[in-house]
Structure formats: C-alpha cells, structure tokens
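In what follows, a structure is listed as structure tokens, so that the remarks can point back to it.
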Amino acid sequence: MKNKVTVILIITAIVGILTAAGVMLFKKFAPSYTQRPMSEQYKLGENEALVVLNGTLSEEKGRIIDGKVYVPVSLATSAMNERIYWDDRESILSLATSAGLITINASDSMRYMVGKQSEEMGFQLLYEDGDVTYIAMDFVSKYSRINYERAENPNRLIIQSDFSQVNVFAALADDVRLRVGPNKKYDYLLELKGGQEVLVDTDAPPENEYQKIITLDGIEGYVPVEYVEEKIEKAWTTDKPEDVFPQTALGERVCLGWHQMTYAGGTTDMEAKVSQAACLNVISPTWFALSDNKGNFSSLATEEYVTAAHAKGLKVWGLINDFDTKISLKKILGRTSIRTNLVNNLVSAAIRYKLDGLNIDFEKITKETAPAYLEFLRELVLQCHANGIVVSVDDYLPTEGTSYYNWAEQGRVADYVIFMAYDEHYAGSETCGSVSSLPFVNDGVELGLKYVPKERTVVALPFYTRRWKTKMDNKVEGKPDVYGMNSAEVMLQNNEAAKTWDEETGQYYSEFKYQGYTYKIWLEEETSLDKKLETVFGKEVAGAAFWKLGFERPVTWTTISKYINK
C-alpha cells in the first residue's frame, strides 16, 4: 500500500512538472492573443489626429476642430503644396494658381479671395494656436495635387502627395495578425486578410523573420516575412493634373540681347548696337533696380526707346535687378503688402512704357528668401499674363548647392527661364579659367533641362571674357580685366601673344608674361560661340541670350543667325 501511494505521488509530481513545463513552453513559444487597443498604441491628445503622409507616419499631428480637420501650414507647404505661402508677419496666406491668386487673411478666415472675388466656406480656414498656424484640409485638398482621406480609431489623415517616388507594395499570402513588434509574442493590432495590399517599409530590414509594413489606411506594424508576397514597385497615382501656368511664348526662337544702361534715354546707343544684329528679336535694357525695402525701384525707362525698338521689330523686356547692397529681399518679398506693391509697380511700369515683357535678374537669392522669391514670381506672372506681358527669369546654371532656386517650379510658372551659362570663373575666383567653357555649358544646360521644359529654356552666352593676372603658383592676383571680343584681340596683338586652340574648353587660349606676371585669357569669339550654339540648339531649347550688346562684332551675328533662323 505504501509503495502504491509513493507511485501515485511520483506520478502526480511528474504530471505537475510536465504541466508546468508545458505552460512555460506554451508561454515561450505561443503567440500573443492580446489585441492592443488603438488608443493605447497611438496616444493622441484631445482633438489630435495622426498624419500618414506618402505611407509614412509623420511626427506632426493634425487637429480636429468643429468636425473639420486641420494641419500645420508648414506641413501643408513642405509636403502637400509648395505654393501655399504663409506670411507670418501680416498673417496672410497666399496660394497662386493658374486660375488666379488666392489669399486668406487670418483675421477673417471664414472666406478667401480669388483675385477680387470672395468665396465663403462656412467654416474657419485658418486656426492659430500659439506659434502654430493650422489650415483646413478641405481647402488644401481642393487646391492641391494630393489624394486625401480621413479615418477613425485612431483619428488619422491619409495623404499622398509624392507621385514620383517609387514604393514597394505587396499582397499578403494569407490571413495574418498585424503585430506591434517583430515577434509573435507582441500584441496584435488588426487581423489582416489574405490578398490584402500593403506597403512595405523598405527602411526597416526584416527582424526575427518579421517585416514592418503599413496598411493603405495608415496603420503600421509587423507580419511574418513569408506572408509578404507578390512585391511590386510602383508610385502613388492621382487623377489631379499638375498646375502649370500657360506660357506666353514669343512664337519664334528667342534671340535676346541685354543692353546695359547707365543713364535715361539711350535710344541712339541702342540703335547703333542693334544695327548689325539682324536676327535679334528681343532687347532687354537694364532699366530697373530695387531701390528700397518698400517695393520701390529706380527707372531709366523712356517711351522713346520702346517706340524706336518696336520700329526695328524688337520686343522690349525691361530688366529689374537686386544689386543694391542696402536692400533686403526678405523684407521686400517676404511681406505680402510690400511684395504686392512691387508687383503692382512693375506691371504698371510695363504698361506705361508699352513693354512686351519683364526680365527678372535677382541674383542674391538665399535658401531663406527662396520661397518668397518664388511666390513673387508666381504673383508677377499672374498679373503680367492678365496684361499680355511676358515674364523671363535669369538663373545661373544649376548646381547642387543652389537647388533651393527650385528651377522646376520656375519652369512651371515663368514663360522663359534664362540660364546664364557664363561666369564659370568669375571676378572673385581664386583660380583662373574660362568664363564659359564648352563642357560647362553642355553639362549645365543638360542639368537645367531636367527641371525646365525645353520650350521654356533660353541659354545665355557671353560676348565677354576675362584676362587673369597670375604668379608662378597660378594664384590670381587682383581682379581680372574684362574684355569684349575685339578689345581682347587688340590686347593680344599689342603684347605679341599667340593664341592656340584648347580642345578641352572649346576655346582659343593665350598667355604672355609682363613685369613678372603671367597673363592668361580664354577667348570668346565666333568659333567657340559656334560650338556652344551648336551644343545648345542641339538640345532644342527655346532660344539664346547674350551679355552684353556692344561686346560682340558684326560678324558675330552671322554666326548666331545660323541657329536662330533655322
């Protein structure tokens, strides 16, 4: 009997041990069956909403106010519509569209203006909370090229605005639970269906044989790798077209010459400078210059000049520059009232003097002022087009460091983007070299055409060059001297300097020694100009421009006409 009891106790103990071990093994290897509440996973404040932007959960939150959804204006501008411009000094929001300029004043944001016409929305478009200004998503969606939907539990906005970025999508192999971490021991959020399409988070490599994904309605989590099948790469799509301003085109290849002006009048000088330029069809006098921080500018314009130019069959595009060191583009372009004043003044001047166009030559744009500059261009183009005036804008050739110029947006708005393919080596360069070598022109224009359509691209070439004064170490001494075509040839003759063809730059090169210095020059003349024009028009651009009239020779125009008159 005693032995029997002992056996039973042993068996009971073994069963207990096995049971405990089984429970431990189950706890170790069994998946979690706990569904985590969304409110616990996504901790949102009162009236907050998640923002799922292009398949990624944004750090910024939306707001729900009186049933309407709002997002920070900064987010709307940076990620949904770059044309939304917020003036935080005057609390005015501007949105330039091809159909007109929209403005919203924060003090009366139940309505907005399209030009001079008021549109009532029935709810507040702007909402200010401390330092953050929010904008209604209904408004953003109406005037932006985005996909937008709203979901609940948790409150979230699902927005797609990038239709160029390729993403990786997949279909789920079978029903599966979406877990909060890369392991079956993590709680799950949702039960997903087999065949359901999801977005694969390619920034998160598989972990513990789990892949991070996000559902198309914006819930992220993990599923076993083997459930992620039928991967395909594609971009988001939308039915909304890109908003491109209609082009006021010249109707023929542009051949523009800049006429540098230092005094009012200049009609006689203009007539002399264009007398040999049979293929010239646009002249751009450097008439206007920003003069203060209130949107005013100085002017050398005269009606007599325009009348004389028109009589010669020339269009006149008045140039305005920002060269005055006392002005602040941030103050002029960043404040709505001052920017509007500048636009109105420019258009009034163009109408008064019967100009055919305006040429914007602002060369002090910084990363900070670039958004205001682009808004200025948009608003100027809208007013100019309403009055039949062409708008061209001058840019140096694109570089990685100047991407904030946003050439693509300029190419959607301005009638012509003029890439100034010179100053490869400029007056302040520490080393000497060509002003405009053939590779510099070719590579720069190719890069520019990645952003600006060829029918809106004009390439500016130099009639001038620089003579560099150097020591033995090739270091530049002082400022280089500027020469036109004839004066450069005369200077070389006076110094008995020979010139040789430089295949690398596509130019004639010359150097000579004088009083212990070596003088170097890469010539701009008809042979090198011909090669540049052949390269430029081989890319089917809209035209060419030249700085500046008076630095060329009569024969130069024979070379140019071969390409303009084709």
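Because the structure is predicted, anything quoted here is derived from the model rather than measured.
When side chains are defined from C-beta on, Asp138 counts as touching Phe123, because their heavy atoms get closer than 4.5 Å. Looking at heavy atoms from C-beta onward, Leu290 lies in side-chain contact with Ile320 at the 4.5 angstrom threshold. Looking at Arg378 and Val381, their side chains never come closer than 4.5 Å, going by heavy atoms from C-beta outward. Counting only heavy atoms from C-beta outward, the side chains of Tyr396 and Thr402 never approach each other to under 4.5 Å. The side-chain heavy atoms of Tyr373 and Asn406, taken from C-beta on, include no pair separated by under 4.5 Å. Looking at heavy atoms from C-beta onward, Asn183 lies out of side-chain contact with Ser32 at the 4.5 angstrom threshold. Taking 4.5 Å as the limit, some side-chain heavy atom of Ile102 sits within range of a side-chain heavy atom of Phe139. Taking the side chain as every heavy atom from C-beta outward, Arg339 and Tyr85 approach each other to under 4.5 Å.
Taking the six-membered ring for Trp, Phe362 and Phe376 have ring centres closer than 6.0 Å. Checked against a 6.0 Å centroid threshold, the rings of Trp236 and Phe169 count as neighbours.
Within 6.0 Å of the CD atom in Glu209, the count of heavy atoms belonging to other residues, nucleotides or ligands does not exceed 12. Residue Lys354 places its NZ atom among 12 or fewer non-hydrogen atoms of other residues, nucleotides or ligands, all under 6.0 Å distant. Within 6.0 Å of atom CD in Glu242, more than 12 heavy atoms from other residues, nucleotides or ligands are found, so the atom counts as buried in its surroundings. The neighbour count for Lys331 NZ, taken as heavy atoms of other residues, nucleotides or ligands under 6.0 Å away, does not exceed 12. By the neighbour-count criterion of 12 heavy atoms within 6.0 Å, atom CD of Glu152 is sparsely surrounded, having that number or fewer from other residues, nucleotides or ligands. Annotation for Glu40: atom CD counts as buried by contact number, over 12 foreign heavy atoms lying within 6.0 Å.
Donor-acceptor pairing under 3.5 Å is lacking for the side chains of Gln124 and Asp66. In the model, Thr103 has no side-chain atom that pairs as donor or acceptor with a side-chain atom of Asn105 under 3.5 Å. Between the side chains of Asn296 and Ser291, no donor N or O sits under 3.5 Å from an acceptor N or O. Checking Asn344 against Gln383 by side-chain atom types alone, a donor-acceptor pair falls below 3.5 Å. Using modelled atom types and a 3.5 Å distance limit, the side chains of Tyr112 and Tyr143 yield a donor-acceptor pair. Glu368 and Tyr404 share no donor-acceptor pair across their side chains, judged by distance under 3.5 Å alone. In the model, Asp361 has no side-chain atom that pairs as donor or acceptor with a side-chain atom of Trp258 under 3.5 Å. Between the side chains of Asn293 and Lys326, not a single donor N or O lies within less than 3.5 Å of an accepting N or O.
Side chain of Ser284 to backbone of Trp317: a donor-acceptor contact under 3.5 angstrom is found. A donor-acceptor pair under 3.5 Å is absent between the side-chain atoms of Asn81 and the main chain of Arg145, judged by distance alone. No side-chain donor-acceptor contact under 3.5 Å links Asp187 to the backbone of Arg36. At least one donor-acceptor pair under 3.5 Å links the side chain of Gln35 to the backbone N or O of Leu189. Using modelled atom types, one side-chain atom of Asn345 and one backbone atom of Asn341 make a donor-acceptor pair closer than 3.5 Å.
The two residues Pro453 and Gly411 come nearest to each other via the heavy atoms CD-O, 3.9 Å. Counting all heavy atoms, side chain and backbone alike, Asp415 lies closest to Pro246 at OD1-O, 3.9 Å. Closest approach of Val176 to Pro224, counting heavy atoms only: CG2-CD, 3.7 Å. Nearest approach of Leu101 to Glu375, heavy atoms of both residues: CD1-OE2, 3.9 Å. Counting all heavy atoms, side chain and backbone alike, Gln211 lies closest to Val225 at N-CG2, 4.0 Å. Scanning both residues, Ala545 and Val458, for their nearest heavy atoms gives N-CG1, 3.9 Å.
Ion pairing between a basic and an acidic side chain is recognised when a charged N comes within 4.0 Å of a carboxylate O; Lys212 and Asp203 show no such pairing. Salt-bridge check for Lys142 with Glu119: failed, with every basic side-chain N at 4.0 Å or more from each acidic carboxylate O.
Rounded to the nearest 0.5 Å, atoms CE (Met137) and CZ (Arg63) are 16.0 Å apart. Atom OG1 in Thr336 sits 4.5 Å away from atom CD1 in Ile92 (nearest 0.5 Å).
Evaluation of the salt bridge (Lys or Arg N to Asp or Glu O under 4.0 Å) rule for Asp243 yields Arg83 as partners, not counting sequence neighbours.
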Working for side chain to side chain donor-acceptor pair (under 3.5 Å), residues Asn147 and Lys240:
CA-CA 9 Å; Asn147 299 329; Lys240 293 184 177 181; over 6 Å; no

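Taking the six-membered ring where the residue is Trp, Tyr70 and Tyr127 present tilted rings, their angle falling between 30° and 60°.
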